[in-house]
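First up is the structure itself, then whatever we jot down about it.
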Amino acid sequence: MDKERLSKSYEPREVEARWYPYWKESGFFHGEDRSDRKPYSIVIPPPNVTGMLHMGHALNNTLQDIIIRYRRMQGYNAMWMPGTDHAGIATQNVVEQDLSRKGQTRHDLGREKFIEKVWEWREKYGGIILNQLEKLGCSCDWERERFTMDEGLSRAVREVFVRLYRDDLVYRGDYIVNWCPRCHTAISDLEVEYEEEKGGLWYIRYPYADGTGEVVVATTRPETMLGDTAVAVNPGDARYRDMVGKMVILPLVMKEIPIIADDYVSIEFGTGAVKITPSCDPNDFAMAQRHDIDTVIIMDGSAVINENGGPYRGQDRFTARKNVIEDLKKGNYLIKEEPYTHNVGRCYRCKTIIEPAISKQWFVRVKPLAKAATAAVIKGKTRIVPKMWEGTYFDWMENIRDWCISRQIWWGHRIPVWYCDDCGEMTVATDTPEACAHCKGTALRQEEDVLDTWFSSALWPFSTLGWPDDTEALKTFYPTSLLVTGFDILFFWVARMMMMGLYVMKEVPFRDVYLHALVRDEQGDKMSKSKGNIIDPLKMIDKFGADAFRFTLAAFTAQGRDVRMSEDRIEGYRNFVNKIWNAARFSLMNLPEADSSAPPVPPAKEDAGIFDRWILDRMNRTVSEVVRQLDDYRFNDAASALYQFVWHEFCDWYLEWIKPVLYGKGKEKDKKAAQDTLRTVLVTSLKLLQPFMPYVTEEIYQKVVPGAGSIMVSPFPEEDGGLADEKAVADVALLQGIVTAVRNIRGEVNLPPSKKLRVRVLASDEGAFDVVHAAVSQLADLANLESLELVREMKDEPKKVAAGVAGPVKVYVFLEGMIDFSVEKARLEKDIAKIARDLQFVSRKLANRDFREKASPEVVQKEEDKFSSLRNRNEILEKALNHLREWEKSGE
RNA sequence: GGGCGGAUAGCUCAGUCGGGAGAGCGCCACGCUUACACCGUGGAUGUCACAGGUUCAAGUCCUGUUCCGCCUACCA
């Protein structure tokens, strides 16, 4: 082997820059449309083209990469579909901002030119986030990269729209929708964020037209009174029963409107009478429809009062509110104003207060789609992990309302509907029609609106695979195997993909959905620019390496928990990466050159030493643990199993045990066995770690098994029952117990680490004797002993000793030259006290007849074993303590 | 209003079949022992939120309470 020395610490930057292009160019990321291997596919949650990699992306994509790398190594035809979505409103906003710097608006350019600008923008900046994913190490199938505005995907969008229309699942109509006066578009219910805000509740007098009195209404939005067309009361409200049907005079506007009765009105709230503004409130709108009441629209698209607002015309809604209140006061209509906290809806994109407004919009009739989507999860066609999200999913599906899919912006999929100027009919078609489908006229105008970005995202699992064409990719990879995404887009995206997948493909879009939590800062706060607590993933990668960063994310991804991220934590796992690096470095120094590129094999059981058999057992358990946890998407458990094994079993113990053998202190045959084991365990560990840490594992793998190809396409380890070895595990536990007992005494009694100790081990148990006997030299090494005297029985009771117990054996450390034994006495007393407490507890339990009768025999046996071992320990420590006391006395 | 999640070591969190609680970081002590000071060895630390209940046995199951977080909903 080229004995090229590894540097003392791992340097991620250079390594990462080297391997990623190699993998990519080697085609390892590519999934085959046709293959004998079983398919495994994931579609990426497409980030916005405007996006920059943040912690949420980093987490989301790390988890996907872990799974896809794992499955790829397991031999699946693994394919991870990458891409971006066109993020209609967001992208349009960005380009509009660019324009406004030049003092222009999109209207100055016109639709066509503007769209061109957006495409230019996308060419320039649109791919940034995908390059950032490469920095993370993501093994996406880049040959397949898709964009929701691609021709292929656009075709899918038009096709689905037309089908929905023909199935009467999409319709157009005048309804009240959430209108953003800044974005100048309708948005869906999901895109409104509600937050409690302090406002006021104004009580306004509405006099009866006949002059017999007045009714008082309470409102949080006095300016909307300009559009009032009724006052409503509850039909069961005795106070108003006789008033229903009477007319009141709308103040300021001075027109007559009726009092109506509707169950919606709450008797308890306010005065029990509510003003009805069908154009400004969804509930009022619904009520107006029930009662056939007029609607007066008082605002334009910018939420500025229009001509129906009389003197308030031209004022924005907030100015109008002030003035209306002022005028109400002047007219003695305002009774009082109370401070009032209520929910205010804001645009998810620009945070402008949403104005409910009536307009012509397109909707998807989702109820029937939702039914199928619910059924699919109930039937287990799609599994939601963690399961607790199922309830949320069902609940939403059950209460779902029609989905407003039209947006009054330019950037997006233009709705494939054409209006005929001749006959006024609509033509709905996938391709631009030559003539009106109804009158054959050619005076066609296409619908101006575009579709909600989520409409195209909902098709992502099949549109990216070539649908509506019947492609090989579609046949192979649909339904996809897994979707990994944040719980925050369960409704936005997951639910809609389920509906569309089932509607279009007659099959669920994915078998499993793994929903992960949000990334927060150390204090559990959401990361935000304004708080200044953002951790930039790219900076972390630069500072600590992608492997450390990825492993940190995985290690903190416990199901149903937020991920709290901090630099310290990444640093901790950077240390782990370095530990792995150094374990490899040590291994390479002590391994002969690999004589072939064949995978390493462990020694035959009869050739293997006890420590070899022990670590192979541990390794094997780790393999099964990692497989089990990854299969269940328990990333943190898989990560910690690896951490525990590699650091605390392989590095802390195994490497130390075999050092004497490797250094030639034993037989050549044993050295060979240890080397074979070492190589096997190292390579297996690297493979288990590869999905989490692709770079460092590749770098080491190439040196340990040169010529074997890339680790990322090598077979993933499988559990091997033949490696299980309970005897070795038990024996090594005994040996570890002896080492620990000595070290404990050394530490507690303040014997310096440099001081070599004389130790006597009493093993009356024949089996234990043999185990210790065979490992005397290793024990002496690990515990730093001058001598280890192993005896079957004690002829002379040593007095100047510290005593310890390891399973069936007793350990005595000679305390030569020591004068003050108080520390050792204190240590013994402390141990004895602890044992006494435990003994009391166990014996009480054993004395309980109910326990003996009702607990399982195994549990009873366990307690009995515990009891005898405690008593044994107690005896020996007591004896040692007495001896010390005696010696002290005699010494006086 | 409805729903979900959480409360365990100083901090952040595991704890899957109910059998007297673990990890990482931090802390204390000692140590550059030929892979690693990004390290090693040893040590300290708990009213498992509170109150009941089931059970031989509860961090774990049940009921209620408190406090946090999130989602959802048309009380103006």
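Every chain is numbered from 1, with letters handed out A, B, ... down the list of sequences.
Annotation: rC70(B) and rA29(B) have their C1' atoms spaced 44 Å apart (nearest Å). Taking atom C1' on both nucleotides, rA37(B) is separated from rC32(B) by 7 Å, rounded to a whole Å. On the C1' atoms, rU47(B) is 29 Å away from rG42(B), given to the nearest whole Å. Only the P atoms considered, rC27(B) is 23 Å distant from rG22(B), to the nearest whole Å. Comparing the C1' positions of rA58(B) and rG52(B) gives an interatomic distance of 13 Å, to the nearest angstrom. Of the C1' atoms belonging to rA14(B) and rC48(B), the separation is 13 Å, rounded to the nearest Å. Across the C1' atoms, rU16(B) and rA73(B) are found 35 Å apart, a figure rounded to whole Å. When the C1' atom is used for both rG15(B) and rC56(B), the distance is 24 Å, rounded to whole Å.
A donor N or O paired with an acceptor N or O is found under 3.5 Å between the base of rU16(B) and the side-chain atoms of Q629(A). If you check distances only, the side chain of K579(A) does reach the base of rC36(B) with a donor-acceptor pair under 3.5 Å.
A cation-pi arrangement is present between R569(A) and F556(A), with the terminal nitrogen or guanidinium carbon under 6.0 Å from the aromatic centre and inside a 45° cone about the axis. Figure legend: R743(A) and W653(A) shown as a cation-pi pair, the cationic atom lying under 6.0 angstrom from the six-membered ring centre and within 45 degrees of its axis. A cation-pi arrangement is absent between K579(A) and Y643(A) under the rule of less than 6.0 angstrom and at most 45 degrees off the ring axis.
Backbone-only engagement by R401(A) is indicated by non-hydrogen atom pairs under 4.0 Å involving sugar-phosphate atoms exclusively. Among the heavy atoms of the strands lying under 4.0 Å from R634(A) is at least one base atom, whether or not backbone atoms are also near. Using a 4.0 Å heavy-atom distance criterion, R574(A) is classed as a base contact. In this structure, K755(A) reaches neither bases nor backbone, as no heavy-atom distance under 4.0 Å exists between it and the strands shown. If you check every strand for non-hydrogen atoms under 4.0 Å, E656(A) touches a base. As judged by a 4.0 angstrom heavy-atom cut-off over every strand, Y340(A) is placed among residues touching the sugar-phosphate backbone only. Nucleic acid contact class of D637(A) (heavy atoms, under 4.0 Å, all strands): base. Residue contacts shown for G272(A) include a base, since a base heavy atom lies under 4.0 Å away. The residue D781(A) sits apart from the nucleic acid: no heavy atom pair falls under 4.0 Å. Here Y264(A) lies in heavy-atom contact (under 4.0 Å) with a base. Heavy atoms of K866(A) sit under 4.0 angstrom from primed sugar atoms or phosphate atoms, though from no base atom. Residue K659(A) is in base contact, counting any heavy-atom pair closer than 4.0 Å across all strands shown. Heavy atoms of Y10(A) sit nowhere under 4.0 angstrom from any nucleic acid atom. When heavy atoms are screened at a 4.0 angstrom cut-off, W202(A) is found touching no nucleic acid atom at all.
Residue H648(A) places no side-chain N or O under 4.0 Å from the OP1 or OP2 atom of rA23(B). A sub-4.0 Å separation between OP1 or OP2 of rC38(B) and a side-chain N or O of Y573(A) is absent. In terms of phosphate contacts, K8(A) brings a side-chain nitrogen or oxygen within less than 4.0 Å of OP1 or OP2 of rA37(B). In this model, the phosphate group of rU16(B) is not approached by any side-chain N or O of Y633(A) to a distance below 4.0 Å at OP1 or OP2.
At least one side-chain heavy atom of E338(A) sits less than 4.5 Å from a side-chain heavy atom of Y203(A). R221(A) places a side-chain heavy atom less than 4.5 Å from the side chain of R321(A). Put simply, the side chain of T677(A) reaches to within 4.5 Å of the side chain of I615(A), judged on heavy atoms.
Pairing for rG5(B) is with rC68(B), a Watson-Crick or G-U wobble pair whose two hydrogen-bonding atom distances lie under 3.5 Å. rG18(B) is unpaired under the Watson-Crick or G-U wobble criterion, no partner having all donor-acceptor distances under 3.5 Å. When both distances must be under 3.5 Å, the Watson-Crick or G-U wobble mate of rC32(B) does not exist. rU60(B) is unpaired under the criterion used here, namely a Watson-Crick or G-U wobble arrangement in which both key atom distances are under 3.5 Å.
Of the residues near RNA chain B, N582(A) and E11(A), the one whose nearest nucleotide (by heavy atom distance) lies more toward the 5' end is N582(A). Remark on RNA chain B: of its neighbouring residues T219(A) and D632(A), the 5'-side contact belongs to D632(A), judged by nearest-heavy-atom nucleotide.
One interatomic measurement links the two molecules: CG of D568(A) to P of rC25(B), which rounds to 11 Å at whole-angstrom precision. Here rA44(B) presents its P atom at 8 Å from CG of N744(A), a figure rounded to the nearest Å. Taking atom CD on E268(A) and atom C1' on rC75(B), their separation rounds to 10 Å, with Å as the unit.
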I'd like a list of close polar pairs between nucleotides 2-7 of chain B and the protein, N/O only, cut-off under 3.5 Å.
unit_1, atom_1, unit_2, atom_2, d
rG6(B), O3', R561(A), NH2, 3.1
rA7(B), OP1, R561(A), NH2, 3.1

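With no hydrogens or angles considered, no side-chain donor-acceptor pair links D262(A) and N234(A) at under 3.5 Å.
With respect to K543(A) and E567(A), a salt bridge is recorded, a charged nitrogen being found less than 4.0 Å from a carboxylate O.
Environment of CD in E195(A): sparse, with no more than 12 heavy atoms of neighbouring residues, nucleotides or ligands closer than 6.0 Å.
Glycosidic conformation, rC30(B): anti, with the torsion outside 90° of 0.
Across E197(A), E193(A), E355(A), a single residue satisfies salt bridge (Lys or Arg N to Asp or Glu O under 4.0 Å) together with R346(A), and that is E197(A).
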